*Asks:* 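Have a look at this one before I ask anything.
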2 protein chains.
Amino acid sequence: MRIGELASQSGMSVDTIRYYEKIGLLPTANRLASGYRQYDKNSITVLSFVSSAKKLGMSLDDIKALLAIELDKSAASCETVKGFIAEQLLQVEQKMDQLKSIEQAMRRLHDTCCGGDESALCCSILQAMERGDV
Amino acid sequence: MRIGELASQSGMSVDTIRYYEKIGLLPTANRLASGYRQYDKNSITVLSFVSSAKKLGMSLDDIKALLAIELDKSAASCETVKGFIAEQLLQVEQKMDQLKSIEQAMRRLHDTCCGGDESALCCSILQAMERGDV
DNA sequence: CTTGACTTTAGACTCAACTCCAAGGTTATG
DNA sequence: CATAACCTTGGAGTTGAGTCTAAAGTCAAG
């Protein structure tokens with residue numbers, strides 16, 4: 001199959017597939033005599049793998065590392081794979097914690113303001129923000 | 001005070017302050033005869049306000065909108081300010097939900113894998129990702 | 001008067017992850 | 001065989017939020 005069909009089968013754009021090859025995320029594709037890239041069912045699996053990783057919020061660099069393991073499975077252990085995911089999980093948890101503390105700060109601010117239709121001259125939200133008190 | 005002192009008082013870099021003025025986030029500064037920008041205590045308050053907004057994860061565009069309210073407080077109401085924060089809060093909550101579902105998916109994946117030191121050929125993490133099953 | 005620290009500007013560069021473009025080559029269809 | 005629909009490449013542009021540079025002007029201290 002050529003790149004257009006792979007794109008429609010995988011849900012990725014032709015440009016994205018070429019981009020992934022260029023940055024070394026995807027292995028270089030075989031070429032037909034015409035110079036066209038040639039793919040098979042296995043390529044769909046690989047792109048499905050990449051899609052999964054993207055859904056999990058991984059960076060392309062991290063996906064590249066994990067795909068290297070995937071494409072040489074027999075050389076890696078479950079331990080390695082699980083450890084990799086554990087690391088990603090840790091990063092997600094850190095982001096969550098940051099976001100949670102932002103949410104809390106924002107809710108605190110929100111709750112101190114009366115929300116009435118009087119002028120905002122004494123608005124406790126604005127005042128706290130002026131003081132850097134968030 | 002000149003820009004260097006404002007920078008050290010506010011914790012922002014000289015470049016950042018000039019950048020904020022350029023994109024219209026900060027009002028254009030008064031100039032000395034030399035052409036140097038001139039600031040006062042009030043400028044520190046404004047930058048402190050901007051810092052607070054950044055700590056709350058707001059985009060510069062949103063900060064610009066909120067700062068317009070702050071700089072013309074008497075024209076706005078607490079209702080408006082509180083509503084603005086409520087919107088931001090909503091966005092943060094949406095991000096949290098996305099992150100939460102990523103975390104759950106990742107934890108599910110993580111927990112299905114034995115994590116042993118055998119080859120990853122049958123690793124349930126890799127297999128689920130190949131299937132797009134995340 | 002010189003030196004060093006400060007300031008000015010326009011404009012280029014960074015990161016991530018694409019997306020788009022132009023100019024050309026190939027293939028499938030009528 | 002003409003035409004449309006595909007494919008190729010290198011390279012430029014996008015977004016957000018800065019950061020850095022070069023070349024020039026200003027100011028305070030010794």
Side-chain angles (χ1 to χ4, degrees), chain A residues 1-40 43 46-47 49-67 88 91-92 94-95 98-99 102, chain B residues 1-40 43 46-47 49-67 88 91-92 94-95 98-99 102:
Chain A
M1 118 185 69
R2 297 183 312 193
I3 198 168
E5 200 188 334
L6 179 62
S8 55
Q9 297 274 326
S10 68
M12 286 189 184
S13 80
V14 165
D15 274 333
T16 299
I17 295 172
R18 278 194 288 244
Y19 170 67
Y20 283 175
E21 182 181 326
K22 186 159 69 178
I23 63 170
L25 199 168
L26 296 178
T28 55
N30 292 328
R31 301 293 183 124
L32 297 167
S34 58
Y36 288 7
R37 289 175 182 80
Q38 186 184 217
Y39 300 95
D40 53 18
S43 314
V46 170
L47 283 192
F49 186 91
V50 171
S51 283
S52 296
K54 282 191 65 62
K55 276 182 211 148
L56 295 173
M58 295 188 197
S59 73
L60 294 189
D61 264 9
D62 287 347
I63 296 176
K64 194 191 287 192
L66 187 55
L67 191 55
Q88 297 288 322
Q91 286 176 30
V92 170
Q94 281 169 9
K95 257 195 216 166
Q98 283 170 27
L99 212 51
I102 284 180
Chain B
M1 116 185 70
R2 298 183 312 194
I3 199 168
E5 200 188 333
L6 179 61
S8 55
Q9 297 274 325
S10 69
M12 287 189 183
S13 81
V14 165
D15 274 333
T16 300
I17 296 171
R18 278 193 289 244
Y19 171 67
Y20 284 175
E21 183 181 325
K22 186 159 71 180
I23 64 170
L25 198 168
L26 296 177
T28 55
N30 291 327
R31 300 295 182 122
L32 297 167
S34 59
Y36 288 5
R37 288 174 182 82
Q38 185 185 219
Y39 300 96
D40 55 19
S43 314
V46 171
L47 283 193
F49 186 91
V50 171
S51 283
S52 296
K54 281 191 66 61
K55 277 182 209 147
L56 294 172
M58 297 188 196
S59 73
L60 295 188
D61 264 8
D62 286 347
I63 297 176
K64 195 191 286 192
L66 187 55
L67 191 56
Q88 296 289 321
Q91 287 176 29
V92 170
Q94 282 170 8
K95 258 196 218 165
Q98 283 170 26
L99 212 51
I102 284 180

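Just so it is clear, the structure is predicted and the values come from calculations on it, not from any experiment.
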*Asks:* Return the value, rounded to whole Å, for the distance between atom CZ of B:R2 and atom P of D:dC27.
*Replies:* 8 Å
*Asks:* Test your reading of the model: is there a side-chain donor-acceptor pair from A:K64 to the backbone of A:I23, 3.5 Å cut-off?
*Replies:* yes
*Asks:* Is any side-chain nitrogen or oxygen of A:S59 closer than 4.0 Å to OP1 or OP2 of C:dA16?
*Replies:* no
*Asks:* Between B:K22 and B:I3, just flag the one whose closest nucleotide in DNA chain C comes earlier from the 5' side.
*Replies:* B:I3
*Asks:* Verify the contact: side-chain N or O of B:R37 to OP1 or OP2 of C:dT7, cut-off strictly under 4.0 Å; return yes or no.
*Replies:* no
*Asks:* Supply the atom-to-atom distance A:I3 CD1 to A:E21 CD, rounded to the nearest 0.5 angstrom.
*Replies:* 7.5 Å
*Asks:* Can you measure B:M1 atom CE to D:dC27 atom C1' for me and round it to whole angstrom units?
*Replies:* 18 Å
*Asks:* Just to confirm, is there a sub-4.0 Å distance from OP1 or OP2 of C:dT19 to any side-chain nitrogen or oxygen of A:T16?
*Replies:* yes
*Asks:* D:dG16 P sits how many Å from B:K54 NZ, rounded?
*Replies:* 13 Å
*Asks:* Let me know the distance between CZ of B:R18 and C1' of D:dA22, rounded to the nearest Å.
*Replies:* 13 Å
*Asks:* Given atom OH of A:Y19 and atom P of D:dA12, what is their separation to the nearest angstrom?
*Replies:* 16 Å
*Asks:* Does the side chain of A:R31 get closer than 4.0 angstrom to OP1 or OP2 of D:dT9 through an N or O atom?
*Replies:* yes
*Asks:* Quick one: is B:S13 getting a side-chain N or O under 4.0 Å of the D:dT19 phosphate, OP1 or OP2?
*Replies:* yes
*Asks:* Using heavy-atom distances to pick each residue's nearest nucleotide on DNA chain D, tell me which of A:G35 and B:A33 is more 5'.
*Replies:* A:G35
*Asks:* Any N or O donor-acceptor pair linking the side chain of B:Y36 to the base of D:dG25 at under 3.5 Å?
*Replies:* yes
*Asks:* Check this for me: B:K95, atom NZ, are more than 12 non-hydrogen atoms of other residues, nucleotides or ligands nearer than 6.0 Å?
*Replies:* no
*Asks:* Using atom CG of B:L25 as one end and atom P of D:dG16 as the other, report the distance to the nearest whole Å.
*Replies:* 14 Å
*Asks:* Could you tell me whether the side chain of A:D15 reaches within less than 4.5 Å of the side chain of A:R18, counting heavy atoms only?
*Replies:* yes
*Asks:* Rounded to whole Å, please give me the gap between CD1 in B:I23 and C1' in D:dG18.
*Replies:* 9 Å
*Asks:* Rounded at 0.5 Å granularity, tell me how far CD1 in A:I17 sits from CZ in A:R37.
*Replies:* 9.5 Å
*Asks:* Reckon A:L32 touches a base, only the sugar-phosphate, or nothing at all at heavy-atom distances under 4.0 Å?
*Replies:* nothing
*Asks:* Tell me the interatomic distance from B:I63, atom CD1, to D:dA17, atom P, rounded to whole angstroms.
*Replies:* 8 Å
